[in-house]
Amino acid sequence: MSNEELSQIFTRIADLLEIKGENRFKVLAYRRASESIRSYPDDVSSLSQEELVDIPGIGQALAEKIVEYSQSGQLKFLNKLEKEVPPTLLELLEVPGIGPKRINLFWKSLGVTTLDELEEAARSGKLINLPGMGEKSTARILAGIQALRLKKKRYPIHEAETIAQEWKERISQVEGVQYIEIAGSLRRMCPTIGDIDLVGSAESSLKVMDFFVSQPEVVEVLSQGDFKSSIRLINGVEVQLWLQPKEKFGSLLQFVTGSKNHNVRLRELANKQGLSLSERGFVTNDLKEIFCEEESKVYSTLGLAFIPPELREDRGEIEAAAKNNLPNLIQREDLVCDLHLHSEWSDGKHSLREMANAAMNSGLKLIALTDHSSSAPTSREEDKLTIEDISKRTQAIRELQDEMKDKLIILNGIEVEILLDGRLDFPDKVLEAFDLVIASIHLGLDQTPKQLTKRLLSAIQNPLVDMIGHPGGKGLFASGAQELDWQRIFAASNKYNTILEINSNPLHLFLDDIHARQAARSGVLLAINSDAHTTSNISQIKYGLGIGRRAWLTPENVLNASEPNEVLEWINNRRAKSAGR
DNA sequence: GCCGTTTTCGGCCCGACTGTTTTCAGTCG
């Protein structure tokens with residue numbers, strides 16, 4: 001079973017315990033264990049009890065539960081808990097504005113166990129007379145249920161970024177605004193974003209807040225105060241604006257960037273040093289305030305190296321920063337090559353020349369044009385690259401390369417489909433002629449994890465395949481990809497010297513951060529490619545870069561962070577070795 | 001339920017906003 005599955009079990013237990021009214025620190029312990037397991041680099045279910053207690057946040061009691069679940073697929077503790085607390089109550093946690101305490105109240109006093117029952121109770125006025133409840137709270141709950149039913153869960157990063165940039169720009173125009181920045185999960189480069197967080201400072205926060213909540217797209221003001229306001233836009237997106245005086249801006253930016261777990265760890269660390277940390281700065285034991293206008297001062301005050309936002313997930317970054325041992329993270333300017341682009345020879349929108357020019361203008365030194373093979377279902381009939389087309393396309397690329405030889409190296413590549421049985425879409429003879437072969441799965445993504453794993457392994461072992469494109473499939477979170485046998489996939493990639501790709505299309509973004517980090521740790525070489533189908537989405541490489549940074553990657557982990565001659569040398573070496581197999 | 005450079009027991013992050021209260025609880029991030 002996967003770490004993800006186990007992690008979800010522990011979150012479920014935490015939620016049920018919280019509704020039950022269990023000690024909140026016990027609940028916290030389950031939540032921490034859940035996070036810890038989710039981002040653990042190896043397969044937790046294969047560890048012994050002694051090894052498990054070495055994982056932060058796992059003690060004897062939880063280690064026993066992990067072993068029990070790994071061996072039997074069952075957890076007596078959870079079964080018993082689900083008899084005490086109806087699991088249907090968990091869906092109520094999703095309703096904005098109500099939490100475990102109120103769910104417990106509604107359940108115990110009115111017997112409410114489902115969303116429909118809650119709505120009925122609210123409509124018939126049964127909630128109003130409960131302690132702590134009233135008319136407004138009831139109306140809020142009904143609105144929350146409505147919002148939940150309409151709510152689009154999370155937004156892909158590029159959509160959120162567009163909206164956030166626009167709001168940042170707009171607020172920066174307000175008179176007296178001193179700072180305004182995008183924070184939250186967007187700044188941490190999470191692939192999906194729940195809501196947008198903006199932070200700033202201004203001479204008059206009142207004026208900025210008034211401006212913020214009175215914009216034309218605002219359909220609802222969820223809260224409004226001097227330091228924080230929250231709105232819902234007509235497109236359903238929620239935006240929050242946080243303000244603090246200029247001299248506290250750094251603390252605020254740090255706090256709102258999160259993650260929550262990272263912040264909790266920092267505050268615990270502050271306490272150990274006799275400090276209290278909040279979005280307003282530090283307070284010492286004798287109540288002296290320390291302001292941080294610069295975000296870096298928050299970290300330096302705690303004796304830590306500056307931690308880049310993408311690492312702030314409580315996955316060991318605080319310990320590493322304390323030892324001044326953070327990775328030398330890969331940066332935008334390291335990515336001088338892009339090994340996965342499409343043209344109009346398959347389903348791309350632009351010609352080879354247009355793609356090459358755009359790549360050159362964006363600073364790239366080497367690209368691989370890798371159109372789809374004919375079986376890829378993404379191609380329309382007229383977009384299909386047939387074997388007959390290949391020689392014409394190859395010649396066009398060679399001519400273009402000749403023309404541009406001093407400016408850009410252009411590889412004649414292919415993204416060949418991995419067929420349902422693991423064979424490749426084009427015969428070996430055809431594939432041998434390409435400078436770079438990417439093998440990807442677009443077909444049959446509904447196969448079982450076992451079948452998908454087998455297909456990937458067979459491609460990884462194929463001497464003609466240099467790289468696996470978006471391993472695990474396409475679609476946000478590559479649904480089901482969590483369940484593939486990643487340990488075997490990484491081992492095989494290592495053994496056969498096959499690259500795994502981090503795909504930068506914001507709707508795919510896979511490998512994800514956790515798997516990319518595991519891959520790199522097991523020695524697998526990665527690539528971060530744009531998978532651009534138009535000239536303009538060459539720039540979407542920034543999202544793949546975000547994943548790479550979240551995965552703690554350094555330039556050494558990523559082939560296309562090397563200079564062109566090194567990339568060419570690597571491909572040649574690899575092919576020389578494969579030929580000997 | 002976890003954890004330990006004062007501790008194997010007694011702690012466990014901190015503040016903003018809302019609504020129902022008249023000093024606070026619940027929710028959220």
Side-chain angles (χ1 to χ4, degrees), chain A residues 10 13-14 17-19 21-36 52-66 77 92-106 127-141 143-144 183-185 188 193-199 205 209 213 221-231 238-244 248 251-252 254-283 302 312 314 318 322:
Chain A
F10 279 5
I13 292 175
L17 287 175
E18 203 165 19
I19 292 171
E22 185 58 87
N23 176 300
R24 65 193 178 100
F25 298 110
K26 188 194 258 193
V27 173
L28 186 65
Y30 276 95
R31 292 204 192 289
R32 283 188 166 164
S34 171
E35 263 312 305
S36 203
L52 285 167
V53 295
D54 286 339
I55 300 177
I58 310 277
Q60 278 305 331
L62 291 185
E64 276 172 31
K65 289 187 173 66
I66 294 172
F77 180 71
L92 305 190
L93 283 173
E94 306 289 319
V95 179
I98 71 175
K101 295 273 165 49
R102 290 203 170 138
I103 293 174
N104 182 287
L105 177 69
F106 303 153
L127 302 184
I128 292 187
N129 295 323
L130 295 175
M133 292 292 297
E135 253 179 66
K136 283 192 176 174
S137 303
T138 302
R140 219 176 149 79
I141 285 173
S185 50
R188 301 200 313 278
I193 310 296
D195 54 20
I196 291 171
D197 289 297
L198 299 168
V199 297
S205 66
M209 287 303 188
V213 301
V221 179
L222 300 166
S223 69
Q224 184 176 5
D226 292 344
F227 297 109
K228 181 187 163 193
S229 297
S230 184
I231 56 176
E238 288 178 16
V239 186
Q240 306 193 61
L241 176 62
W242 311 66
L243 297 174
Q244 284 288 340
K248 298 178 183 174
S251 307
L252 180 67
Q254 192 287 319
F255 168 72
V256 183
T257 297
S259 66
K260 183 173 163 53
N261 290 343
H262 175 85
N263 285 349
V264 169
R265 288 288 180 212
L266 280 193
R267 289 171 178 204
E268 287 172 355
L269 184 62
N271 286 349
K272 282 182 196 155
Q273 300 180 10
L275 298 165
S276 168
L277 171 62
S278 78
E279 61 265 45
R280 295 163 164 269
F282 293 94
V283 180
L302 291 169
R312 301 182 194 168
D314 188 28
I318 293 172

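Order of the sequence lines sets the chain letters (A, B, ...), proteins ahead of strands, with each chain counted from 1.
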A.B. asks: Looking only at side-chain N and O atoms, does A:Ser276 come under 4.0 Å of OP1 or OP2 in B:dC14?
C.D. replies: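 Result: yes.
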A.B. asks: Nearest of B:dC13, B:dC14, B:dG19 to any side-chain atom of A:Arg32?
C.D. replies: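 The closest nucleotide is B:dC13.
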A.B. asks: Which base sits across from B:dT8 as a Watson-Crick or G-U pair, both distances under 3.5 Å?
C.D. replies: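 For B:dT8, the partner nucleotide comes out as none, under the 3.5 Å rule.
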A.B. asks: With a non-hydrogen cut-off below 4.0 angstrom, is A:Arg24 in contact with a base, only sugar-phosphate, or nothing?
C.D. replies: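 The residue A:Arg24 makes no contact with any strand.
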A.B. asks: Would you be so kind as to tabulate the donor-acceptor pairs closer than 3.5 Å made by side chains of residues 127-141 of chain A, with sequence neighbours excluded?
C.D. replies:
{"unit_1": "A:Thr138", "atom_1": "OG1", "unit_2": "A:Gly134", "atom_2": "O", "d": "2.8"}

A.B. asks: Check the distance between B:dG19's C1' and A:Leu222's CG and give it to me in whole angstrom.
C.D. replies: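 Rounded to the whole Å, the gap is 15 Å.
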A.B. asks: Output all residues satisfying side-chain hydrogen bond (donor to acceptor under 3.5 Å, both in side chains) with A:Ser34, sequence neighbours left out; order by chain, then residue number.
C.D. replies: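 Listed in chain order: A:Ser7, A:Thr11.
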A.B. asks: Apply side-chain hydrogen bond (donor to acceptor under 3.5 Å, both in side chains) to A:Arg188 and list each qualifying residue two or more places apart in sequence or on a separate chain.
C.D. replies: A:Glu313
A.B. asks: Check the distance between B:dA25's C1' and A:Leu105's CG and give it to me in whole angstrom.
C.D. replies: 12 Å
A.B. asks: My understanding is that only residues two or more places apart in sequence, or in another chain, count here; which of them pass side-chain hydrogen bond (donor to acceptor under 3.5 Å, both in side chains) with A:Asn261?
C.D. replies: none
A.B. asks: If you measure from the P atom in B:dG1 to the same atom in B:dT7, how many Å do you get, rounded?
C.D. replies: 26 Å
A.B. asks: Give me the distances for all protein-to-nucleotides 26-29 of chain B N/O pairs that come in under 3.5 Å?
C.D. replies:
{"unit_1": "B:dT27", "atom_1": "OP1", "unit_2": "A:Gly99", "atom_2": "N", "d": "2.6"}
{"unit_1": "B:dT27", "atom_1": "OP1", "unit_2": "A:Gly99", "atom_2": "O", "d": "3.0"}
{"unit_1": "B:dT27", "atom_1": "OP1", "unit_2": "A:Arg102", "atom_2": "N", "d": "3.1"}
{"unit_1": "B:dT27", "atom_1": "OP2", "unit_2": "A:Lys101", "atom_2": "N", "d": "3.2"}
{"unit_1": "B:dT27", "atom_1": "O5'", "unit_2": "A:Gly99", "atom_2": "N", "d": "3.4"}
{"unit_1": "B:dC28", "atom_1": "OP1", "unit_2": "A:Gly97", "atom_2": "N", "d": "2.7"}

A.B. asks: Contact class for A:Asn271 vs. all strands (heavy atom < 4.0 Å): base, sugar-phosphate, or nothing?
C.D. replies: sugar-phosphate
A.B. asks: Suppose we screen for side chain to side chain contact (heavy atoms under 4.5 Å, CB included). Which residues come up paired with A:Asn271, at least two apart in sequence or across chains?
C.D. replies: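 Scan of A:Asn271 (side chain to side chain contact (heavy atoms under 4.5 Å, CB included), adjacent residues dropped) gives none.
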A.B. asks: Establish, with yes or no, whether the OP1 or OP2 oxygen of B:dC17 is under 4.0 angstrom from a side-chain nitrogen or oxygen of A:Ser229.
C.D. replies: no
A.B. asks: Kindly point out which of B:dC13, B:dG1, B:dG19 is positioned nearest to the side chain of A:Lys136?
C.D. replies: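 Of all the options, the side chain of A:Lys136 is nearest to B:dG19.
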A.B. asks: Looking at residues at least two apart in the chain, or sitting in another chain, which of them share a salt bridge (Lys or Arg N to Asp or Glu O under 4.0 Å) with A:Arg267?
C.D. replies: A:Glu279
A.B. asks: Applying salt bridge (Lys or Arg N to Asp or Glu O under 4.0 Å), which residue pairs with at least one partner in residues 23-34 of chain A are found, sequence neighbours left out?
C.D. replies: A:Asp15-A:Arg31, A:Glu18-A:Arg31, A:Glu22-A:Lys26, A:Arg32-A:Glu268
A.B. asks: Please list, chain by chain and in numerical order, all residues satisfying salt bridge (Lys or Arg N to Asp or Glu O under 4.0 Å) with A:Asp314, sequence neighbours excluded.
C.D. replies: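 So A:Asp314 forms a salt bridge (Lys or Arg N to Asp or Glu O under 4.0 Å) with A:Arg265.
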A.B. asks: Would you give the length of the straight line joining atom CD1 of A:Ile13 to atom CG of A:Leu62, rounded to the nearest 0.5 angstrom?
C.D. replies: 8.0 Å
A.B. asks: Summarise protein proximity over nucleotides 2-9 of chain B in one line of letters, 5' to 3': B for base, S for sugar-phosphate only, - for none, counting protein heavy atoms closer than 4.0 Å.
C.D. replies: SS------
A.B. asks: Do any N or O atoms from the side chain of A:Gln273 and from the backbone of A:Leu302 form a donor-acceptor pair under 3.5 angstrom?
C.D. replies: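 Such a contact is found between A:Gln273 side chain and A:Leu302 backbone.
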A.B. asks: How is A:Leu277 classified with respect to the nucleic acid when contacts are heavy atoms under 4.0 Å: base, sugar-phosphate, or nothing?
C.D. replies: sugar-phosphate
A.B. asks: When you measure from the side-chain N and O atoms of A:Asn261 to the phosphate of B:dC13, is any distance below 4.0 Å, counting only OP1 and OP2?
C.D. replies: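 No, no such contact exists.
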A.B. asks: Using atom CG of A:Asp226 as one end and atom P of B:dC17 as the other, report the distance to the nearest whole Å.
C.D. replies: 6 Å
A.B. asks: For A:Gln60, give me all partners under side-chain hydrogen bond (donor to acceptor under 3.5 Å, both in side chains), at least two apart in sequence or on another chain.
C.D. replies: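 Once residues adjacent in sequence are excluded, the partners of A:Gln60 under the side-chain hydrogen bond (donor to acceptor under 3.5 Å, both in side chains) criterion are A:Gln49.
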A.B. asks: For a quick check of understanding: with a heavy-atom distance under 4.0 Å over all strands, which category does A:Phe227 fall into, base, sugar-phosphate or nothing?
C.D. replies: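 Touches sugar-phosphate only.
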A.B. asks: Take atom P in B:dC24 and the same atom in B:dT5, then report the distance between them in whole Å.
C.D. replies: 35 Å
A.B. asks: Could you list all N or O pairs between the protein and nucleotides 21-24 of chain B that sit under 3.5 Å apart?
C.D. replies:
none

A.B. asks: Report the C-alpha distance between A:Leu241 and A:Lys228 in whole Å, list the side-chain angles of each, state the deciding distance to 0.1 Å, and finish with yes or no for side chain to side chain contact (heavy atoms under 4.5 Å, CB included).
C.D. replies: CA-CA 6 Å; A:Leu241 176 62; A:Lys228 181 187 163 193; over 6 Å; no
